[in-house]
Each structure stands twice: as C-alpha cells, then as structure tokens.
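One structure is given here, and the rest of the page talks about it.
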Amino acid sequence: MRLVGFELKKLFLRLPVLVALAAFTVFDLAKIYATVDSISYLHEDAAWDRVYWEQYENYRGEITLAKINALLDVYKPLETAVNDLTATTRGDVEGTLTGNVYSDKNLLERYFVDPMERFYTYRTDAAEVVRAARENAQFYESLGNTCEARKNAAIARLYQGRRVTRFYYTEGYKLYLNYDFSTMLILLLALYALSQTFTRDKECRMTELMLTSPGGGPATIFAKIAAASIYIFAVSLWFSAVDFAGFEAFSNLTDAGGLPVYAAETFREASVNMTLFAYSAVSALSRALGFWTLGMVFLALGEAGNHALLPFALGAGVFLICTLAGVRWGYSSGALAKVLNPYSVVVNRLLFGRTEFVSIFGVPVLTWQAGLVFTALLGIAAAALAVLFGGKSKLRKGALR
C-alpha cells in the first residue's frame, strides 16, 4: 500500500499534471458552453429562451389530453397561417408569444409539439416492435434458426411496456449524450502520465537499484499498475462529472433526469431500460473502463522503450487506430467491429444507443454486454503483460544465471 501511495504521488502530485488538469477542466467547461450556445436556439435567441420557460410551466410533467389539446389550440392556427402564406412577417404582432407568427410556430413546433408527439406515440411504436419481434421469433423457431429466434424474443422482452408518460426539456441531454470533446482531454492526461510510469525509472537507471530491494520487482510493478488504474478512473470520472455539471449549468438536465433513456431523441432504439440520470452514471463508469483498458495497453507498450517518447507515440497511435475504426464502423451494421474496439466503450452511445446483437457460440448477446466483457478482458490481459515483462530485466536474468 505504501508503494501504491508513492506511485500515486508520482502521478498526481506533479505540477505539470495539476496545471494540465486545471486548464483542461476550464477548457472543457468553455467548450460545453460553446457547444450549447452554438446549437441550442434557446441560447441563440433571448426571446425564445424567455418564452420557452414561461410556456414550459404549462406543459411540463404528466402528458395529458388536456395539455395536448391546449398546445394544439395555440399551435394549429399558427401552422395554418404559415402554410397558407397569410401570416405577416412583422416582428411586433400583438397577441403573439415572440412578436412574430413564424417565430412562434417554429418555437412551439421544435420545443413542444415535436417532442411531446414523440413521447406520446413512443408507446405505440414500442408495441409495434414487440409484435413484430414476437412474430419473427415464431417464424425463425419454425425454421429451426434458434439464434434468430432468441434474438427476436430478447427484443420483445426489452421493448415490452416501454412508454414515456411525462414531458420535460430534453435538449440538454441530447447535447450531453453526444458530447465527446472531453475524451481527448482524458486521453492526453493519460498518455502524458502513463507514458512515464516505467520509462522514468529506466531513464535514471532506478530499475537496477530496485532489484536490490525485496519489493523492487513484481511488487513495484503491481503498485504502478494499481496507481495507474486509480489515476485513470479518477481522471475519467472527474471529467464525466465536469461534463454533467457543465451541461446542467448551461442547459438544464435536472428535470429530464427521471425520464427513460429512450426519451432522448438519439436513444429511441436504446438497448437498456433505465433513466437518463442512471444512464449518465453507467456511461461514466463505462467510459472509465474503456480508458482503463487503453491505459493498461499504454503501460504494456511502456516496456518497449527506455524513453517516454516511444510509448507516448505508440499509445497515441493505438488510440488513433481505435478511433478511426470506431468512426468507420461505429454506425454500421458490423456489430462485432464495435465489440472488439475499446473505443466503443469510451464513446458508449455506439453500444447502448442501439439494439444490436453478436452471436457467441450461437447465443445472441447484446453488443454492450459483449463489449464491456471484451474490453475488461483486454485490459486484464494488457495489465498481465505489463506485470510479466515489467518485472524482468537483463540484470535480473544475469543474477539468476
């Protein structure tokens, strides 16, 4: 434990790391604000922002026919006037919400009508998926195709009873769930710190001195790996917390946190049944696992050279390859390519946001389940290699002879 504590000090309590962590945190928050400001119409237009939150109080909460009818009573005349080209383009029309008929119609459509309709009809859409999946399961069962039959039965169970019964502001979650900038910041911090975990000792020939200590071999390697694991999880979870806090501050997340994850526009086909808030926590842990695996690969590569530049370059190359592969196959139908790529666990909406399966010995397994297991096993294997090769040296082999 003393060795782990000592290695943690070497990783965290270094001025460049602390300065980089503070600077990257500020940079991340600035990027979040810029993202919200550039995409959200509520940030772009002060009138929209004011009107939206005023009207929001009338429609938030349980979706009822009374609320739907009240919304349509306001929206339908605007839609008719715009479609008939009879609406004035003046910006000071009395009786309008924003001063302009077209602006009123666009605001209500984008932020109230469309999302409420999507929520209200999701139950019907999910029931249709369940019906089709059950028919497919019976069909494939009659053909003797057990794998496809099991897959469709699993889809039916997953979508059974899905519904969205409450209306809340979800644009913040839409932006948050698709935000990836902080992954690059975590990667840079991980590469910088971990690339020197072994090479620093080699550069100052500390590895030769450590061989004279009873704990200077495998015990030190285990301590380095344990400290590196704590460092990676801490940094990854820190930026996940910063991301959540940033989007909460600049684009409200609190209200929609209790909605099911499939209420988010880009997660309609999600392969998990949990709330948006719960998914935020699961996503943070999943991302930390993905970075841990990459970190263990970085450590294993650190044994390849005596200077920090080589493992840094090799680690960056590995992440670049994983990223390019994720971009290339992340949104394709090649589920196996996602499962075998740790990048999919880092940017985990590729796994959780779609209902896809891989066949393992004829048994259909959801991609996020297979992806998490494979990534964890890959990380354990990389850590084992670091232990296997890190505790050896030419000096020790010579002493053994």
Side-chain angles (χ1 to χ4, degrees), residues 7-8 11-12 17 20-21 24 28 179-200 221-222 224-243 282-305 308-330 336-352 367-368 370-390:
E7 292 295 334
L8 278 174
L11 285 171
F12 275 109
V17 173
L21 182 62
F24 284 0
D28 190 33
Y179 181 75
D180 297 328
F181 180 76
S182 59
T183 60
M184 185 59 64
L185 304 179
I186 299 169
L187 171 69
L188 291 174
L189 285 170
L191 279 175
Y192 176 74
L194 300 186
S195 62
Q196 302 179 62
T197 298
F198 290 116
T199 56
R200 188 186 299 112
I221 302 302
F222 278 116
K224 289 181 180 292
I225 290 175
S229 300
I230 295 172
Y231 173 84
I232 292 170
F233 271 89
V235 171
S236 181
L237 292 176
W238 168 255
F239 277 100
S240 292
V242 170
D243 290 349
V282 170
S283 175
L285 293 173
S286 172
R287 184 165 78 159
L289 173 64
F291 273 116
W292 175 78
T293 293
L294 290 173
M296 293 303 100
V297 173
F298 296 163
L299 287 182
L301 293 173
E303 296 298 322
L309 181 59
L310 180 59
F312 186 94
L314 289 175
V318 168
F319 187 80
L320 179 61
I321 292 172
C322 291
T323 301
L324 293 176
V327 172
R328 171 63 179 82
W329 290 291
L336 187 60
K338 303 174 192 178
V339 169
L340 301 180
N341 188 353
Y343 175 82
S344 299
V345 176
V346 172
V347 186
N348 44 70
R349 65 176 178 275
L350 302 176
L351 296 179
F352 293 107
T367 51
W368 69 264
L372 290 179
V373 171
F374 174 79
T375 299
L377 292 177
L378 178 61
I380 293 171
L385 286 176
V387 172
L388 178 64
F389 296 113

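Just so you know, residue 1 is the first one in the sequence shown, and it goes up from there.
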Inset, instruction - Scan residues 286-296 for pairs that pass salt bridge (Lys or Arg N to Asp or Glu O under 4.0 Å), counting only residues two or more places apart or in two chains. - result: D243-R287

Legend entry - Test side-chain contact (heavy atoms from CB on, under 4.5 Å) applied to F24 and V242, step by step: CA-CA 10 Å; F24 284 0; V242 170; over 6 Å; no

Legend entry - Polar side-chain atom of S286 near backbone of V282 as donor-acceptor pair, under 3.5 Å: no

Legend entry - Separation between CE of M296 and OG1 of T375, rounded to the nearest 0.5 Å: 13.5 Å

Inset, instruction - Any chance you could measure N348, atom CG, to L350, atom CG, to the nearest 0.5 Å? - result: 8.0 Å

Legend entry - Interatomic distance, T367 atom OG1 to L340 atom CG [nearest 0.5 angstrom]: 11.5 Å

Legend entry - Within-4.5 Å side-chain heavy-atom neighbours: L324 and Y343: no

Legend entry - Partner set under ring pair (Phe, Tyr, Trp, His ring centres under 6.0 Å) for F352, not counting sequence neighbours: Y279, W368

Inset, instruction - Locate the shortest heavy-atom distance separating L237 from A288; write the atom from each residue and the value. - result: CD2-CB, 4.3 Å

Inset, instruction - Would you check if there is a donor-acceptor pair between the side chains of S182 and D28 at a distance under 3.5 Å? - result: no

Inset, instruction - Test side-chain contact (heavy atoms from CB on, under 4.5 Å) on Y231 and L189 and set out the steps. - result: CA-CA 10 Å; Y231 173 84; L189 285 170; 3.8 Å; yes

Inset, instruction - Could you check if a side-chain atom of V235 sits within less than 4.5 angstrom of a side-chain atom of F291, using non-hydrogen atoms only? - result: no

Inset, instruction - Output the distance between atom OG1 (T183) and atom CZ (F319), rounded to the nearest 0.5 Å. - result: 5.5 Å

Inset, instruction - Anything under 30° is parallel, anything over 60° is perpendicular, the rest tilted; go ahead and classify W292 against F233. - result: tilted

Legend entry - Atom of V345, atom of G290 and distance for their closest heavy-atom approach: CG1-N, 3.8 Å

Legend entry - Residue pair K338 / L351, side-chain heavy-atom distance below 4.5 Å: yes

Legend entry - Heavy-atom closest contact (P342 atom, L294 atom, distance): CB-CD2, 4.3 Å

Inset, instruction - Side-chain contact test, heavy atoms from C-beta onward, threshold under 4.5 Å: evaluate it for S344 versus N341 and give yes or no. - result: yes

Legend entry - Minimum heavy-atom distance A300-A382, with the two atoms named: CB-O, 3.8 Å

Legend entry - Pairwise side-chain contact, R349 with S283, heavy-atom cut-off 4.5 Å (strictly under): no

